Amino acid sequence: MAPSGPGSARRRCRRVLYWIPVVFISLLLGWSYYAYAIQLCIVSMENIGEQAVCLLAYHLLFAMFVWSYWKTIFTLPMNPSKEFHLSYAEKELLEREPRGEAHQEILRRAAKDLPIYTRTMSGAIRYCDRCQLIKPDRCHHCSVCDKVNNCVGFSNYKFFLLFLAYSLLYCLFIAATDLQYFIKFWTNGLPDTQAKFHIMFLFFAAAMFSVSLFSLFGYHCWLVSKNKSTLEAFRSPVFRHGTDKNGFSLGFSKNMRQVFGDEKKYWLLPVFSSLGDGCSFPTCLVNQDPEQPSTPAGLNSAAKNPENHQFPAKPLRESQSHLLTDSQSWTESGTNPGKCKAGMSNPALTMENET
């Protein structure tokens, strides 16, 4: 028998609310198809050539829009691998020890062989009490879905970007081809049928969504160019040497390749081509942004005792290591401001309550 109670009722309500945006977008997309393909192209357009060109281009954009949206919402998220979970003995030790230095010492011993290079704001090991695991870099617990669920991350971030791009092109195309008929509506150049009202509302909806989608798409393009997650745009990651807002950035070209892959023929298709496995990413420990100082925050004080701030020598997984083979030199020394190191991150996951 399924469990009942306030908790299960909240989960059911949350599940219903989760699907409201999907249902809304699906209904809006279905109406836009009817309004554009039927009422505008077939009913209102008199030129056969114009009809054919508009219908062909529209269906191409429509197909790419639906495909990328489908992949965004139904792609299974990633979860931390078993190496980040504590053993039974380590969990027992944590339960016996009070919060404090002893608690952190247990976590430090458990994480000594893990490729974890970021810390909390207080410098502690990032640990999820609910999941009972050490958080991989750039990993957070979602307080809304209580798990990764459909959060945008490594496994579907490329699909999300393509969804924004194709939805923007979809709206711009509708607004551009509908404009002349929208003008005819106001000059009484359209026959008095129901098509004229679909044409009017279609233009308004396409123009309105174009503005909002342009802003959102531009913002995420900036995030990709800087290799930042949405959370990192508002709160810079804390490394062992200090806070560095561009600590994961490898330069524009490499940042783009991390999301879209090396083969450009797949860039515009909603098929997975991102580099890596969502757990292993090269991490630049030197700020390459010309707007920022050449030394990351906190590095000057760390340089007095460099042995305490060197990262353990852990190789990247094979699928990521080739990002480090270009003109730049990448070493394990944290004292040379012209060098970078390899780290680990997992932007696919969402965990809550960082301490």
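Keep in mind that what you see is a predicted model, and the values were worked out from it rather than measured. Computed from heavy atoms alone, side chains included, the values below leave out hydrogens, waters and symmetry copies.
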Between OG of S32 and CZ of F201, what distance do you get to the nearest 0.5 Å?
15.0 Å
Measure the spacing between OG of S274 and CG of L161 and express it to the nearest 0.5 Å.
9.0 Å
Side chain K158, main chain V271, donor-acceptor under 3.5 Å
yes
How would you list, by chain and number, every residue that makes a side chain to side chain donor-acceptor pair (under 3.5 Å) with E95, sequence neighbours excluded?
none
Donor-acceptor pair, distance only, cut-off 3.5 Å: does the side chain of S155 make one with the backbone of L76?
yes
Would you check if the side chain of T72 reaches a backbone N or O of F159 as a donor-acceptor pair within less than 3.5 Å?
yes
Should T120 and R126 be marked as a side-chain contact (heavy atoms from CB on, under 4.5 Å) after you check the CA-CA gap, both sets of side-chain angles, and the distance that decides it?
CA-CA 6 Å; T120 65; R126 300 171 65 246; 3.6 Å; yes
Ring centroids only, cut at 6.0 angstrom: are F272 and F154 within range, meaning strictly under it?
yes
Proximity of Y181 and F203 rings by center, below 6.0 Å
no
Is the backbone N or O of N227 less than 3.5 Å from a side-chain atom of S249, with the two atoms forming a donor-acceptor pair by type?
no
The ring pair (Phe, Tyr, Trp, His ring centres under 6.0 Å) partners of Y69 (sequence neighbours excluded) come to F163
As a quick check of understanding, evaluate side-chain hydrogen bond (donor to acceptor under 3.5 Å, both in side chains) for Y127 and H103, giving each step before the final call.
CA-CA 11 Å; Y127 177 73; H103 196 271; over 6 Å; no
Checking side-chain hydrogen bond (donor to acceptor under 3.5 Å, both in side chains) for the pair D137/T118: CA distance, chi angles, key distance, verdict?
CA-CA 6 Å; D137 290 340; T118 57; 2.6 Å; yes
Given the side-chain rings of Y170 and Y58, with only the six-membered ring counted for Trp, is the space between their centroids under 6.0 Å?
yes
Spell out, as yes or no, whether a donor-acceptor pair under 3.5 Å connects the side chain of R240 to the backbone of G123.
no
According to a 4.5 Å side-chain heavy-atom criterion applied to Ile, Leu, Val, Met, Phe, Trp and Tyr, with indirect links allowed, do F24 and L29 form part of one hydrophobic cluster?
yes
Could you walk me through whether I183 and Q180 satisfy the side-chain contact (heavy atoms from CB on, under 4.5 Å) test, starting with their C-alpha distance in whole Å, then the side-chain angles of each, then the deciding distance to 0.1 Å, before giving a yes or no?
CA-CA 5 Å; I183 295 174; Q180 59 174 316; 5.6 Å; no
Output all residues satisfying ring pair (Phe, Tyr, Trp, His ring centres under 6.0 Å) with F260, sequence neighbours left out; order by chain, then residue number.
W267
Taking N156 for its side chain and G153 for its backbone only, find out whether a donor-acceptor pair lies under 3.5 Å.
yes
Under the side chain to side chain donor-acceptor pair (under 3.5 Å) rule, collect the residues that match up with Y33, sequence neighbours excluded.
H59
Show your working on side-chain contact (heavy atoms from CB on, under 4.5 Å) between F209 and L168 and close with a plain yes or no.
CA-CA 8 Å; F209 280 108; L168 176 60; over 6 Å; no
Within the distance-only criterion (no hydrogens, no angle test), does the side chain of T187 pair as donor or acceptor with the backbone N or O of K184 below 3.5 angstrom?
yes
How long is the straight-line distance from CD1 of I25 back to CD1 of I20, given to the nearest 0.5 Å?
12.5 Å
Quick one: does any side-chain atom of Q258 pair with a main-chain N or O of N255 as donor and acceptor, under 3.5 Å?
no
Tell me, please, which residues at least two apart from Q104 pass side chain to side chain donor-acceptor pair (under 3.5 Å).
none
E50 backbone acceptor or donor facing N47 side chain under 3.5 Å:
yes
Using the test side chain to side chain donor-acceptor pair (under 3.5 Å), find all partners of W31 that sit at least two apart in sequence or belong to another chain.
H198
Rounding to 0.5 Å, atoms OG (S68) and CG (L268) come to a distance of 11.0 Å
Interatomic distance, OG@S273 vs NZ@K264, rounded to 0.5 Å, equals 13.0 Å
Distance under 6.0 Å and angle within 45° of ring axis: R138 vs F248:
yes
With a 3.5 Å distance limit and no angle check, can you tell me whether E232 reaches the backbone of P237 through a side-chain donor-acceptor pair?
no
